[in-house]
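The structure under discussion appears below in the form of structure tokens.
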Amino acid sequence: MSPKHQGPTTDSRKPPVADGGRKDLRADCANCFGLCCVALPFARSADFAVDKDAGQPCSNLEADFRCGIHTRLREKGFPGCTAYDCFGAGQKVSHVTFGGSDWRQEPDSARRMFAVFPLMRQLHELLWYITEALGHASARPAHQDLRKALGRVEELSRGSAESLLELDVAALRGDVNVLLLQASERIRATVPGRKKNHRGADLIGAGLAGADLRGANLRGALLIAADLSGADLRTADLIGADLRGADLSGADLTGSIFLTQAQVNAAKGDTATRLPLALGRPAHWH
């Protein structure tokens, strides 16, 4: 994972336009020790062609931490890799937490490095959400608390491996989620009229083509293989929504809240799909 594996697979001809202060929260695989290819487990399924245990290097990981099949991941049976995003946690663990010493050079540190990586990924995901919320003027009443949370999470992310392993990430996520929910409510309140509440709903395979979902609460909704073609998702809260295989062809997601590149990469779309400026169009969309 480096020049051949530059993070989530997106159309390089149409890079994200607005960074919103999230440069360090984007995967920089050229400066990572292939951590997602080693630390994380995966099971043979529609997303992965083989089984792999946590801590076991993927068979496609090369000696220089490049992915040997990066440009052919989908055709080789690894679409799950194209939908994964570490939010920049890989390079933080590699060069901040462990000071640039990789797990091959320092095998004694491998177990701790692999244990820290998923925790760091959660911290960076929180930083992504908080930063996005701070970019919405309508959430200004919550900005002071959000800025405090941003500073707290960033400080924790720069701690030692030992301090990170002792961190109660679940409790931290709970605290931050309260603020994110407050911000979401203020942002979605800018949409006039009654908004749909599908929080945590089972919408697997649902027919929502052309649906008006402006300002909807879709937090944690299961939208696997749902038909959202032509749907209006502007200002909808999509945090944690499962969009695997969802059809977003022609859908409008501009201004949607807390949508991530991983969610977009897991869905289907086309050239008519409208995305938030901070996200790129996946290369597999046609």
Side-chain angles (χ1 to χ4, degrees), residues 7-8 16 18-28 35 84-97 115-191 195 197 199-200 215-221 235-242 253 255-264 276-279:
D19 190 79
R22 289 178 278 191
K23 180 180 178 182
D24 292 337
L25 303 179
R26 299 185 186 280
D28 179 7
L35 297 182
Y84 180 77
D85 184 6
C86 77
F87 295 97
Q91 63 260 29
K92 175 74 78 64
V93 172
S94 298
H95 292 281
V96 176
T97 314
V116 165
F117 173 66
L119 299 175
M120 185 69 78
R121 194 260 184 197
Q122 292 189 64
L123 296 182
H124 271 227
E125 183 180 16
L126 290 178
L127 290 172
W128 177 277
Y129 293 144
I130 297 170
T131 302
E132 178 173 342
L134 286 168
H136 289 271
S138 53
R140 184 164 286 117
H143 280 189
Q144 183 175 357
D145 288 336
L146 285 166
R147 280 192 290 269
K148 289 180 181 178
L150 184 73
R152 178 189 177 198
V153 177
E154 176 60 32
E155 182 179 5
L156 290 170
S157 76
R158 294 187 173 279
S160 65
E162 289 70 27
S163 65
L164 287 163
L165 291 171
E166 293 174 358
L167 183 62
D168 188 342
V169 178
L172 179 64
R173 289 183 72 97
D175 292 342
V176 172
N177 188 57
V178 172
L179 301 178
L180 297 177
L181 184 56
Q182 292 173 355
S184 171
E185 290 172 345
R186 292 183 181 277
I187 297 165
R188 291 184 295 109
T190 61
V191 178
K195 276 77 70 177
N197 184 3
R199 183 174 184 177
N217 185 345
L218 291 165
R219 288 179 150 237
T235 322
D237 187 340
L238 289 162
I239 195 169
D242 193 336
L253 295 102
S256 57
I257 312 168
F258 306 133
L259 181 66
T260 67
Q261 191 67 58
Q263 288 171 296
V264 171
L277 293 176
L279 303 179

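For the atom pair CG of N217 and CZ of R188, the computed distance is 4.5 Å after rounding to the nearest 0.5 Å. To the nearest 0.5 angstrom, L180 atom CG is 7.5 Å from L126 atom CG. Here I257 contributes atom CD1 and E185 contributes atom CD; the two are 10.0 Å apart, rounded to the nearest 0.5 Å. The structure places CD of Q91 at 7.5 Å from CG of D24, a figure rounded to the nearest 0.5 Å. Considering CG of L156 and CG of L119, their distance stands at 11.5 Å, rounded to 0.5 Å.
A heavy-atom distance below 4.5 Å is found between the side chains of P276 and L259. When side chains are defined from C-beta on, L181 counts as touching R219, because their heavy atoms get closer than 4.5 Å.
The minimum heavy-atom distance between L134 and R147, with the atom names listed, is CD2-CG, 3.8 Å. Pairing each heavy atom of A139 with each of A133, the nearest pair is CB-O, 3.9 Å. When all heavy atoms are compared, the tightest approach of H124 to L25 is ND1-CD2, 3.6 Å. Summarising the geometry of S157 relative to K92, their closest heavy-atom pair is OG-NZ, 2.9 Å, with the distance given to 0.1 Å.
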Going by atom type alone, with no hydrogens or angles, which donor-acceptor pairs under 3.5 Å involve a side-chain atom of residues 164-176 and a protein atom two or more places apart or on another chain?
| residue | atom | partner | partner atom | Å |
| --- | --- | --- | --- | --- |
| D168 | OD1 | A170 | N | 3.4 |
| D168 | OD1 | A171 | N | 3.1 |
| R173 | NH1 | E125 | OE1 | 3.4 |

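For E162, the CD atom counts as densely surrounded, since its 6.0 Å shell holds more than 12 non-hydrogen atoms of other residues, nucleotides or ligands.
Classified by interplanar angle (parallel below 30°, tilted 30° to 60°, perpendicular above 60°), the ring pair Y129/F258 is perpendicular.
H136 pairs in a side chain to side chain contact (heavy atoms under 4.5 Å, CB included) with only one of the listed residues (T235, T190, L146, I187), which is I187. Exactly one residue among V264, L253, T260 makes a side chain to side chain contact (heavy atoms under 4.5 Å, CB included) with L238. That residue is L253.
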Item to complete: For W128 and E132, run side-chain contact (heavy atoms from CB on, under 4.5 Å): C-alpha distance rounded to whole Å, both residues' side-chain angles, the deciding distance at 0.1 Å, then the answer.
Response: CA-CA 6 Å; W128 177 277; E132 178 173 342; 4.0 Å; yes
